[in-house]
Amino acid sequence: MTTGTMHARASARANIALAKYWGKTDLEHNVPAVPSISLTLDQLVTETEVCFVEQLESDVVMLDGRTTTAREARRAIAMLNRVRQAAGIQWKATVTSSNHFPTAAGLASSASGFAALAVACTRAAGLELDLEALSALARQSSASAARSVFGGFVELPAGKPGESSLTARQIAPQRHWDVRLVLALTATGPKSVGSTDAMERSRRTSPYYQAWVDHAPRWAVAIKQAIRDRNLTALGAAMEHSTIAFHSCAMTSDPRILYWNPATVAALHTVTGLRDRGVPAWSTMDAGPHVKVLCEAPDAARVQRALQRTPGVLETRIARPGPGIEVLS
Ligand code: DP6
């Protein structure tokens, strides 16, 4: 007897938020409470293969060569279930995903992971979704993943409770502005608290949360305009505010969430020092201790050298604007 299989392979790249998402208005549908804007990067690629197998008894999710725990697999299986329902199939699947960068170290692997999974599993199930529908599907698993569906500069609006079709959209393609993002890694291993749990703790307990939700849209508006104008100073200033504001929410949560380590602080000072010496460079951070520095292409090597010399910085990489999802087979 032959076993039926249906498979597809896709890739997606990480994105770094320039205007940060932190907090949800609807936990069940994973709807963000604030608008966010990101840059998809050329490096930091996730490749994912999904294979629906007729005689498989349960879903198997492999990440970087190992079988994931039930907790890790939960969100991937929830996406498979949505896709099976839409496609009218029952078959279980194997998901094989590999990251070409450190997993769960604050380099947004869930964004590229769920964007790649959305493409691979819908294709494998025989569904041909457009980019908006793929983005909405990815968002339900991880809001930042909605942005990785698109290349270049991307926005994800805030949504209302129950807005299950909320989708990201491209503001400008990758060729619009040849900036660089220099990544300074300041720790190894997974972050202390995952972003999903951390932002929910902020919403429930931080006295600064409502102020964050009230202010975040202004930074997003400024950042969108700065992208259109290719104005690095305006973008950088709003991006740094957005970053510090959401980290303030995290730090003032109960129990507190402190992602920073001494090298994080040192790297932030390195960036200020570069600006004092006339190099336009601006920092951002995600839910982890690493520092990411936005600058113009001709300054990237100098920014990288300064970060590499910063005490506690373990590794640096230079990333460029990158494309959205790709179907590989
Ligand atoms: C700090 O997208 O990982 O990186 O929707 O719960 O999966 P979930 O959260 P996630 O949060 C990313 C938070 C951030 C900022 C950002 O990327 O906008």
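When a residue number appears, it is its place in the shown sequence, counting from 1. Quick caveat: nothing in here was measured; it's all calculated off a predicted structure. Counting starts at 1 for both ligands and their atoms, following the listed order.
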Looking at side-chain heavy atoms only, is the closest gap between R204 and S253 below 4.5 Å?
no
Give the atoms of ligand 1, by number and element, whose distance to some non-hydrogen atom of R147 is under 4.0 Å.
16 (C), 17 (O), 18 (O)
Give the atoms of ligand 1, by number and element, whose distance to some non-hydrogen atom of N30 is under 4.0 Å.
5 (O)
Atom OG of S38 and atom OH of Y21: how far apart are they, to the nearest 0.5 Å?
13.0 Å
Pairing residues for A297 by the side-chain contact (heavy atoms from CB on, under 4.5 Å) criterion, not counting sequence neighbours
D178, R180
Quick one: are K24 and M199 in side-chain contact, heavy atoms under 4.5 Å?
yes
For the pair H176 and F153, name the ring-plane relationship: parallel under 30°, tilted 30 to 60°, perpendicular over 60°.
perpendicular
Run the numbers for me: atoms of ligand 1, each under 4.0 Å from some heavy atom of A287, listed by number.
1 (C)
Any F246 heavy atom less than 4.0 Å to ligand 1:
yes
Atoms of ligand 1 less than 4.0 Å from M199 heavy atoms?
9 (O), 11 (O)
Which atoms of ligand 1 are found less than 4.0 Å from any heavy atom of A17?
16 (C), 17 (O), 18 (O)
What part of S195 sits under 4.0 Å from ligand 1 if we count only heavy atoms: the side chain, the backbone, both or neither?
side chain
Taking only non-hydrogen atoms of T196 and a 4.0 Å limit, the atoms of ligand 1 in range are 6 (O), 7 (O), 8 (P)
Pick out which of R123, E49, E326 makes a side chain to side chain contact (heavy atoms under 4.5 Å, CB included) with R9.
E49
Are any of the N/O atoms in W22 less than 3.5 Å from those in ligand 1?
no
May I have the step-by-step check of side chain to side chain contact (heavy atoms under 4.5 Å, CB included) for T264 and H247, ending in yes or no?
CA-CA 12 Å; T264 309; H247 273 277; over 6 Å; no
Out of all atoms in ligand 1, which are within 4.0 Å of some heavy atom of S110? Include the element for each.
3 (O)
Mind checking whether Y21 has an N or O less than 3.5 Å away from an N or O of ligand 1?
yes
Under 4.0 Å, heavy atoms only, figure out whether ligand 1 is touched by the backbone of N15, its side chain, both or neither.
neither
Can you confirm, on distance only, whether ligand 1 has an N/O atom lying under 3.5 Å from any N/O atom belonging to K20?
no
Counting heavy atoms only, which part of R139 comes closer than 4.0 Å to ligand 1: side chain, backbone, both or neither?
neither
Minimum non-hydrogen distance to atom 8 (P) of ligand 1, winning option of Q140, K24, M285
K24
Less than 3.5 Å apart, which donor and acceptor atoms pair up between the side chains of residues 232-245 and the rest of the protein, not counting sequence neighbours?
{"residue": "E240", "atom": "OE1", "partner": "R275", "partner atom": "NH2", "Å": "3.2"}
{"residue": "E240", "atom": "OE2", "partner": "R275", "partner atom": "NH1", "Å": "2.9"}
{"residue": "E240", "atom": "OE2", "partner": "S283", "partner atom": "N", "Å": "2.8"}
{"residue": "E240", "atom": "OE2", "partner": "S283", "partner atom": "OG", "Å": "3.0"}
{"residue": "S242", "atom": "OG", "partner": "K20", "partner atom": "N", "Å": "2.9"}
{"residue": "T243", "atom": "OG1", "partner": "M239", "partner atom": "O", "Å": "2.9"}
{"residue": "T243", "atom": "OG1", "partner": "T284", "partner atom": "OG1", "Å": "2.8"}

Over all atoms of both residues, closest heavy-atom pair of A250 and W22
CB-CZ2, 4.2 Å
Heavy atoms only, cut-off 4.0 Å: how does A143 contact ligand 1, side chain, backbone, both, or neither?
both
T316 versus Q308, side-chain donor and acceptor atoms under 3.5 Å:
yes
